[in-house]
Amino acid sequence: MSEENTYDFRAVERAWQERWEREGIYVARDDDPRPKYYVLEMLPYPSGDLHVGHAKNYTLGDAVARIHRMRGQNVMHPMGWDAFGLPAENAAIQRGIDPETWTLENIANMQRQVRLMGTSYDWTRELASCLPDYYRWNQWFFIRLFEKGLAYKREAPVNWCPVDQTVLANEQVENGRCWRCGAAVERRNLAQWFFKITDYVERLLAGLDRLDGWPDRIRTMQRNWIGKSEGVTFSFDVENVEAQIDVFTTRIDTVFGTTFVAVAPEHPAVEKILEKMPKSRRRVEEFAATLKSKSELERTQLMEKTGIPTGAYAINPLSRERIPVWVTNYVLAEYGTGAVMGVPAHDERDFEFAKKHGLPIAQVITTPDGSLRAPLSEAYLEDGKLIASGEYIGMKSATARRSIAARLEAMGRGKTTVNYRIRDWLVSRQRYWGTPIPIVYCPVDGTVPVPGDQLPVLLPKDVQFTGQGSPLANDAAFVNTTCPKCGGPATRDPDTMDTFVDSSWYYVRYLDAHNDRAPFGKDKASKWMTVDQYIGGAEHAVLHLLYARFFYMFMIDEGYVSGDDEPFARLFNQGMLLYRGEKMSKSRGNVVGIDEAVEKYGVDAMRLFLLKAAPPEDTLDWTDEGIVGRVRFVQRVWRAAEPLADAARAVPLDHLPEMRGDAQRQLVRALHVALDSGMSETETYRFHYNVTTAKLDELINLLGSALREPGAAEDPAVLYVVHALPIVLAPFAPHLADELWSRMGNAGSVHLERWIEPDPAALAVDEITLVVQVNGKVRARIQAAPGIAEDEAFTLAMREPTVTAQIDGKQVRKRIFVPDKLLNIVAA
RNA sequence: GGGGAAGUGGCGAAACGGUAUACGCAGUCGCCUCAAAAGCGACCGAGUGAGAGCUCAUGUGGGUUCGAGUCCCACCUUCCCUACCA
């Protein structure tokens, strides 16, 4: 290799990034008449450094965007920052750095690094959710939801650290203890804001059925998360107590097997019972107190089922049996009615609880043949035939469910109901670094939303971060305000919004990113939505992707945007990037930064490697070995193509070149195979560019061989391939591609060129290898012209000694012929 | 406990039900060089054979099929998600 012909990737890559930026070639225009294509990668949290895990995601999205652009579409490909959240506040608490400064510095650094990757983002649309010109629209949406009754406030339990005097996010509770001070976390009821996602539950479910561009597993996860279950809610009277206990069950057919009623300690009936049962009060309250010190996590995880009898008895409305009412730790106050009928014989949890506390186990369902009889060694969960159930004896479970439900309904004691596992979205956070909730509390006017012309409610600066309590609640200058209605003294809501609010609509803000009168204009939003291809990790399968769908349905309903009510037509789940077997993340401290990789190997080599190493949906364990192969590839391309750049430009690309022999035909074919691979991987949404890079390798290997032949520098086929090289490389190695393109004397960027349609004539082969099998095993391969007839193939095959040796003495029973592929001779 | 994904050379991996191991990494040998690096070329699943070849190999065991890495059933292993939802 001569010194002067080494590709200087450092200089070249930087120069092209600057030029692309200067010329704005990736800016998406609203008035572009070509069909739109919106490709979006999930926006990152600005943790400080971009690592190769991010790079894996963005490289894929960028290849998709570039191929669509070269295929003649008006591509929208924006980028922004999910910039609110806890790490910034922790930096403030631990190191005294202002959260805004910390975040904006991180964004600046990461934005530099994303640019370093040469990705084709339209930076004119960049957004950062922590800036007032973004979060004011969070507040605007909050008020719209409030006006529609979809944002409401009620008491809800939160994780409370008694030492730090603050609410903790679930992620900050480690084994029931505060992550910072180690104190046992308590459950407290605080007034919190909720978004009423449950109003949209049926639509969210129905939409999933239509989203066939989404992975099944994500759709399944969302369905499970929503957790729809149909059953019966009915009520028990409590003996001598003015209270009814409602329970929800999906197995009303087992109601005669109820041997106890279990309630959550928070259940309102508990207090009424205790008024009548003063002797039980102390024990029940002590029990409740031991539960209270535990977070919901701890309460629901791996915990033994315990409980305490209240002393009261409920009456089974159908059997009229007296059954004890227990307060237990395994009934969730937040789901259903906060009480369940305990049927040990037919529910695993009830069985475990009954065993432990010596409660009776009454079998009421048996196997269809009636063979299953007490005593049961475990709960029988299947449907079956009813026994010991009064007038319902002998019925099948399904029939009994209908009959019993009808009976309870007729008695006015119950009705069929649907319950959902999903709860309303709790959006209040007792935290500083988020969007202030735009609500004022007035002693006269009550809960008053901040009027639109007073938005945004700005986050105050110079707040004290002590880690004690909520910073906003402690800031009198922020909290004390005047009522927008009456002008009298009032207080602001001291909480901020869950950052998932920010990411629920950002993909629409990109489409009109600088609008200061509305979150976005309807025309612009409607022109570009929906997102054609969304790309991101599966970790957002339920939260972000469910919230965003809910938000978008609301936007459609309110007419803010028109079109389909699903925001993401297709979703692609990137596989995780691991390092040393663990997820790469800053908090784990196992981050491979991209600055070093780019400096050492070059961006194009890194991008090619990330695509080549594995199919994009696979988990990839990062290793530096292997990337040198892509560095070699980049240099090989350069050495092959650059010297011929001048000569190659003269060979037109709009038709196939003169091909003087087999070698030339193979070379041109390899080019079209690579073109075809890049295109079809994109159009089938498979995105297996690892295969496309292999085709590029084969192309360059053939080109290298061709160049060693005398006269190669004047061979039209060689020059044609060299001329086309920048185009086929452009989506994957954009800098190298544009540098070669410009060396060919082109003034414009190769990224604005058209992809070359794979030509069937170039893809055709003039000789095929026909596989000859005997009884399914390969015995010979014969070279033949395409389209060879079965009889002729058979004749040729029977001349092969390796074939006849296997048939020897046997009769040919059957022939299977796959044209141009295979002949299988079945002999016996 | 529930749900999902995946198991192919030393490694990353490829393969519309039809030539298993493309392409790359690592390795071995050679060319070039005073030497090295880079580059270029050849080889590179296991067994057997002088060789043409033959036999065995896609986690394990069955099945469907002319033919199975691919489809079906059971099991083993790994990873991810979720978790008392009545």
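We name chains A, B, ... by the order of the sequence lines, and we start the count at 1 in each one. Values in this document were obtained by computation on a predicted structure and should not be read as measured data.
For the pair Phe794(A) CZ and C66(B) P, the interatomic distance rounds to 18 Å; values are reported in whole Å. Atom CZ of Arg251(A) is separated from atom P of A86(B) by 12 Å (rounded to the nearest Å). We find that CZ of Arg423(A) is positioned 12 Å from C1' of A83(B), with the value rounded to whole Å. Atom pair Trp638(A):CH2 and G39(B):C1' shows a separation of 18 Å (rounding to whole Å applied). The CG-C1' distance, from Leu707(A) to G39(B), rounds to 14 Å in whole Å.
Contacts of residues 819-828 of chain A with RNA chain B (heavy atom under 4.0 Å): Lys821(A), Leu822(A), Asn824(A), Val826(A).
A cation-pi geometry, defined here as NZ or CZ lying under 6.0 Å from the six-membered ring centre and within 45° of its normal, does not hold between Lys305(A) and Phe353(A). For the pair Arg630(A) and Phe633(A), the cation sits on the ring face: its NZ or CZ lies under 6.0 Å from the ring centre, inside 45° of the axis.
A close approach under 4.0 Å does occur between a side-chain nitrogen or oxygen of Tyr335(A) and OP1 or OP2 of A86(B). At the phosphate of A38(B), neither OP1 nor OP2 sits under 4.0 Å from any side-chain N or O atom of Arg632(A).
The same atom, P, is picked in G39(B) and in G12(B); the two are 24 Å apart, to the nearest Å. Only the P atoms considered, G4(B) is 30 Å distant from C11(B), to the nearest whole Å.
Here the nucleotide nearest the side chain of Val778(A), chosen from G12(B), A20(B), A86(B), is A20(B).
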